[in-house]
Amino acid sequence: MTDVPPAPRSTDSAAASPAPPAEPPVQAVVLAGGQGSRLRPYTDDRPKPMVEIPGTGTPIIGHQLAWLAAEGVTDAVVSCGHLAGVLQEWLAGADLPLRVTTVVEDEPLGRGGALKYAARHLPDPEAPWYATNGDVWTRFPLREMAAFHTERGATATLALARPRIPWGVVETNEFGQVLDFIEAPPSPYPVNAGVYVFGPGFAALLPDVGDHERTTFPRLARERRLAGFPLPQGAYWRAIDTAKDLAEAARDLAARSGP
């Protein structure tokens with residue numbers, strides 16, 4: 001690329017053209033090594049991301065990869081662990097909308113270590129990348145999250161969800177009088193939604209073994225280099241941790257597909 005000579009001084013008040021927006025990531029890591037002990041018996045013979053969403057005939061990771069591809073991702077690295085061969089066999093035989101590489105941990109590395117190991121196999125380790133936990137079923141505009149990440153100059157950005165509280169709550173006034181009963185309202189506090197945008201230098205900050213949420217994230221938060229992207233209104237998000245989550249995901253799907 002040739003250097004552009006500086007523009008001559010001018011009395012014209014026209015402002016300089018803004019820099020073009022950064023391109024969103026086109027590569028991603030999926031953490032798919034979880035055992036899913038709370039999803040048994042569904043996970044007796046398969047890793048957690050291979051559990052099918054009822055009514056779709058597709059495992060969780062299939063939905064994730066389709067979503068990533070729809071958001072412009074062309075390459076994904078899938079980090080395997082528990083029953084890795086089952087996942088690798090499915091990926092090898094599936095008609096996938098993007099290129100997929102699998103990596104297998106020789107020994108448990110923790111989520112942070114798994115991210116670091118998988119990131120080494122990205123097509124361009126010097127470019128930004130997405131990451132997602134392998135048990136998340138969601139749909140929201142990743143490109144908007146990437147733009148949010150860039151605008152804030154963050155090293156890492158995590159998506160923030162407000163899942164519904166699994167109990168009914170009671171609303172009272174200052175006198176302790178009950179005003180209303182609210183069934184399963186959204187949480188007043190955001191939670192880590194398990195979807196991330198990472199800058200080029202992030203992988204070097206990860207532990208070789210351990211959990212990034214206990215090491216890297218707190219450090220970045222203290223340095224104000226960690227951003228949180230609230231999921232847009234109406235975006236769908238659900239973590240599939242238990243059989244109850246699967247059943248509720250099936251009900252959500254039926255409700256969205258109904259008349």
Side-chain angles (χ1 to χ4, degrees), residues 25 27-40 43-51 59-61 64-65 68 73 75-91 99-136 138 145 149 154-161 191-229 239-242:
Q27 54 185 4
V29 167
V30 180
L31 292 179
Q35 294 187 18
S37 57
R38 290 190 293 166
L39 266 171
R40 288 175 179 160
T43 53
D44 285 344
D45 60 354
R46 68 196 64 195
K48 191 177 183 182
M50 277 299 298
V51 173
I60 299 169
I61 193 166
Q64 288 187 324
L65 294 174
L68 290 171
V73 174
D75 294 86
V77 177
V78 177
S79 175
C80 308
H82 176 65
L83 296 175
V86 176
L87 177 53
Q88 289 176 311
E89 182 179 357
W90 183 85
L91 290 169
R99 291 182 291 271
V100 172
T101 301
T102 60
V103 296
V104 182
E105 304 171 29
D106 294 327
E107 58 185 22
L109 300 176
R111 290 183 298 173
L115 268 178
K116 188 170 190 174
Y117 180 62
R120 296 183 189 135
H121 297 81
L122 289 167
D124 187 355
E126 301 304 315
W129 46 294
Y130 297 117
T132 179
N133 294 344
D135 58 359
V136 171
T138 187
M145 184 176 174
H149 169 85
T155 299
T157 297
L158 54 150
L160 301 177
V191 301
N192 181 352
V195 181
Y196 312 94
V197 182
F198 296 136
F202 176 77
L205 305 177
L206 289 165
D208 293 326
V209 178
D211 190 341
H212 57 292
E213 293 189 15
R214 296 180 180 274
T215 55
T216 310
F217 279 0
R219 170 186 168 185
L220 291 177
R222 290 192 298 269
E223 296 171 354
R224 300 297 186 266
R225 296 162 61 195
L226 182 66
F229 173 76
I240 309 296
D241 291 319
T242 65

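- When all heavy atoms of Arg224 and Ala221 are compared, the closest pair comes out as NH1-O, 2.8 Å.
- Between the CD atom in Glu89 and the OG1 atom in Thr102 there is a gap of 12.5 Å [rounded to 0.5 Å].
- Side-chain atoms of Glu105 never come within 3.5 Å of backbone atoms of Ser79 as a donor-acceptor pair (strictly under, hydrogens ignored).
- Between atom OG1 of residue Thr138 and atom CG of residue Asn133 there is a gap of 11.5 Å, rounded to the nearest 0.5 Å.
- The residue from Phe202, Phe217, Phe229 that alone fulfils the ring pair (Phe, Tyr, Trp, His ring centres under 6.0 Å) condition with Tyr196 is Phe217.
- Summarising the geometry of Asp135 relative to Lys48, their closest heavy-atom pair is OD2-NZ, 2.9 Å, with the distance given to 0.1 Å.
- In this structure, CE in Met50 is found 6.0 Å from CH2 in Trp90, a value given to the nearest 0.5 Å.
- Between Val30 and Leu68 the shortest side-chain heavy-atom distance falls below 4.5 Å.
- Across every non-hydrogen atom of Pro25 and Val73, the tightest pair is O-CG2, 4.5 Å.
- No more than 12 heavy atoms of other residues, nucleotides or ligands sit less than 6.0 Å from atom CD of Glu107.
- With rounding to the nearest 0.5 Å, the separation of CZ in Arg111 from CG in Leu206 is 12.0 Å.
- Using a 4.5 Å heavy-atom cutoff, the side chains of Trp129 and Val77 are not in contact.
- Within the 4.5 Å cutoff, the side chain of Gln88 has heavy atoms near those of the Val104 side chain.
- Atom CD1 of Ile60 and atom CG of Leu65 lie 12.0 Å apart (nearest 0.5 Å).
- In terms of heavy-atom proximity, Ala32 sits nearest to Leu87 at CB-CD2, 3.6 Å.
- Inter-residue side-chain proximity for Lys116 and Asp208 is flagged as met; some heavy-atom pair is nearer than 4.5 Å.
- Taking every heavy atom of both residues into account, Ala114 and Leu31 meet most closely at CB-CD2, 3.8 Å.
- Contact of the Leu122 side chain with the Val29 side chain is registered, since non-hydrogen atoms from C-beta on lie closer than 4.5 Å.
- Going from atom CD of Glu213 over to atom CG of Leu158 covers 8.0 Å, rounded to the nearest 0.5 Å.
- When every heavy atom of Pro128 is checked against every heavy atom of Gln27, the shortest pair comes out as O-NE2, 3.3 Å.
- Here the side chains of Arg225 and Leu205 are in contact, with some heavy-atom distance below 4.5 Å.
- Using a 4.5 Å cut-off on side-chain heavy atoms (C-beta onward), Pro207 and Thr216 make contact.
- Residue Tyr130 is tested with Thr157, Val197, Val195 for a side-chain contact (heavy atoms from CB on, under 4.5 Å); the sole match is Val197.
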